Each structure stands twice: as structure tokens, then as C-alpha cells.
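Because only heavy atoms are used, hydrogens play no part in the values below, and waters and symmetry mates are left out as well, while side chains stay in. This chain uses plain numbering: 1 for the first residue, then up along the sequence. Note that this is a predicted model, so its numbers are computed, not measured.
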Amino acid sequence: MDVRTFISIPVPNTAGLEPLVRDLKTVRGVKVSPVKNIHITLKFLGDVPEERLEEVDAIVKDAVRGVKPGRITVKGFGAFPNTRNPRVLWAGLDTDLPLAEISERIGKGLSRVGLPYDEKPFKPHITVGRVDGKAELTNMFGKYKTTEFTTFVCPSVMVMKSELKPTGAVHTIQEVCYLQ
């Protein structure tokens with residue numbers, strides 16, 4: 001059986017994001033991410049054969065080896081591909097942790113063992129919503145451009161399972177890979 005898998009860092013305290021989420025819910029054409037699912041995606045793998053999950057766990061543990069726990073600040077608000085044509089709405093990240101390097105190490109490890117993954121370059125962000133069609137967000141981009149939503153210490157990277165259900169995605173932890 002295949003397991004829909006991604007590698008992420010959970011955001012333990014999302015209370016600071018509530019004003020942004022509340023405002024986004026009032027905008028027509030915006031689908032807001034459930035706060036309980038908010039995380040930083042380091043790598044999305046998609047469907048992985050269940051018998052290969054231990055390989056994924058080992059690759060992630062290897063990728064974080066030697067990285068000490070560090071502080072992450074969730075700060076700012078923007079969109080991909082840009083604020084004029086928003087599709088994915090994000091809160092930005094400010095950190096000294098080498099997140100791009102960890103993501104790259106994970107990608108190299110997955111390639112080495114022949115496991116496919118989404119090869120888009122890592123961009124430090126948290127997805128807070130998606131736009132379907134057009135949405136008027138100009139004022140919100142201005143309002144939250146430099147807002148600091150929350151700060152936390154990141155002690156680990158998680159291998160996650162994502163089950164798509166009619167009520168939305170349900171994420172469960174497969175493996176915790178501690179920073180040391």
C-alpha cells in the first residue's frame with residue numbers, strides 16, 4: 001500500500017496567525033488552510049510504498065544530523081507566484097536554521113535510493129490559504145506584510161502521512177527526527 005508522505009516542521013503555536021486566518025476567511029475566492037494542519041513543508045514525496053518508509057526515515061535523520069535546534073519566526077504575508085496573481089497564500093519564515101540545506105540533503109538522499117519527490121526548490125513559508133479564481137487581497141498584503149505572527153524553537157523534523165478525506169487532509173506523524 002502507498003502512503004502519501006511529506007517531510008515537515010510543525011508550527012506548535014498558531015494562535016498568532018488567527019487574526020490573519022480570520023481576515024482571510026472573509027475574502028471571496030480564498031480557501032483557508034485548517035490551522036491544525038499548518039506546517040513548514042521541507043519536501044513533498046507523494047505516494048511512497050509502505051515498505052520504503054523506513055528508508056525515508058533514515059534519509060531524514062541523516063539530513064538533520066549535526067543541526068542544532070533553532071528558533072523560527074513566522075513573519076510577513078505574501079503569495080505565489082506573486083501578489084498581483086495570487087494562487088498560494090503564505091506566511092514567511094525568518095530563521096538561522098539551514099532549512100534549504102536540509103531540504104536539499106533530503107532530496108539528494110531520496111534521489112540516491114530512487115524515490116521520487118516534488119523537485120520544486122524550497123522556499124521558506126507556511127501555506128495559509130489558496131485562491132480559486134480572483135480574490136481582492138491588496139489591503140491584506142499591506143496590513144500583514146511585516147507582522148510577526150509567532151516564534152518557536154524547532155526541535156525536530158517530521159516524516160508525515162497525509163490522508164485525503166472529504167473533510168480535508170488528515171496528517172499523522174510517521175517518524176520524529178530530532179535535531180541535536
Connected via hydrophobic side-chain network under 4.5 Å: [X] and [Y]:
X	Y	result
Leu97	Val157	yes
Phe6	Ile59	no
Ile72	Val128	yes
Ile173	Ile7	no

Within the supplied structure, the quantity of interest is the number of heavy atoms (other residues, nucleotides, ligands) at a distance under 6.0 Å from [X] [atom1]; does it exceed 12?
X	atom1	value
Gln180	CD	yes
Arg71	CZ	no
Asn82	CG	yes

Would the distance check show the side chain of [X] and the main-chain N or O of [Y] forming a donor-acceptor pair, the cut-off being under 3.5 Å?
X	Y	value
Lys75	Leu93	no
Ser162	His171	no
Arg65	Val60	no

Just jot down the side-chain contact (heavy atoms from CB on, under 4.5 Å) partners of Thr5, sequence neighbours excluded, or say none.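 Only Val3, Leu45, Val48, Leu53, Val159 meet the side-chain contact (heavy atoms from CB on, under 4.5 Å) criterion with Thr5.
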Identify, with sequence neighbours excluded, every residue that meets side-chain contact (heavy atoms from CB on, under 4.5 Å) alongside Glu18. Ala15, Arg22
If we only count heavy atoms from C-beta on, is the Val67 to Arg105 side-chain gap below 4.5 Å?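 Yes, at least one pair of side-chain atoms sits under 4.5 Å.
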Answer whether the closest heavy-atom distance between the side chains of Lys68 and Leu179 falls below 4.5 Å.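 A side-chain contact under 4.5 Å is absent here.
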Let's go through Leu137 and Val27 carefully: what are the C-alpha distance in whole Å and the side-chain angles of both, what is the deciding distance for side chain to side chain contact (heavy atoms under 4.5 Å, CB included) to 0.1 Å, and is it a yes or a no? CA-CA 8 Å; Leu137 293 157; Val27 180; 4.0 Å; yes
Would you call the rings of Phe80 and Trp90 parallel, tilted or perpendicular, where under 30° means parallel and over 60° means perpendicular? tilted
Residue pairs meeting side-chain hydrogen bond (donor to acceptor under 3.5 Å, both in side chains), one or both in residues 126-135, sequence neighbours left out, come to His125-Thr127
Could you please spell out the steps behind the side chain to side chain contact (heavy atoms under 4.5 Å, CB included) verdict for Phe44 and Met160? CA-CA 10 Å; Phe44 180 78; Met160 301 293 293; over 6 Å; no
Residues that Lys31 engages under side chain to side chain donor-acceptor pair (under 3.5 Å), provided they are two or more places apart: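 Partners of Lys31 by the side chain to side chain donor-acceptor pair (under 3.5 Å) criterion come out as none, since no residue qualifies.
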Just distance, no hydrogens or angles: give the donor-acceptor pairs under 3.5 Å from side chains in residues 138-149, sequence neighbours left out.
residue, atom, partner, partner atom, Å
Thr138, OG1, Glu136, OE2, 2.7
Lys143, NZ, Asp23, OD2, 2.9
Tyr144, OH, Pro19, O, 3.3
Tyr144, OH, Asp23, OD2, 2.7

How far apart are the C-alpha atoms of Val21 and Thr14, what are their side-chain angles, what is the distance that settles it, and do they pass the side chain to side chain contact (heavy atoms under 4.5 Å, CB included) test? CA-CA 10 Å; Val21 168; Thr14 56; over 6 Å; no
What are the two closest heavy atoms between Lys36 and Ala169, and how far apart are they?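 Smallest heavy-atom distance, with atoms named: NZ-O, 4.5 Å.
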Do you know which two heavy atoms are closest between Leu42 and Leu99, and how far apart they sit?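 Closest heavy-atom pair between Leu42 and Leu99: CD2-O, 4.0 Å.
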Checking side chain to side chain contact (heavy atoms under 4.5 Å, CB included) for the pair Val131/Asn85: CA distance, chi angles, key distance, verdict? CA-CA 9 Å; Val131 178; Asn85 184 29; over 6 Å; no
Can you give each donor-acceptor pair under 3.5 Å made by side-chain atoms of residues 115-124, sequence neighbours left out, with the distance rounded to 0.1 Å?
residue, atom, partner, partner atom, Å
Tyr117, OH, Gly107, O, 3.3
Tyr117, OH, Ser111, OG, 3.3
Asp118, OD1, Lys120, N, 3.0
Asp118, OD2, Lys120, NZ, 3.1

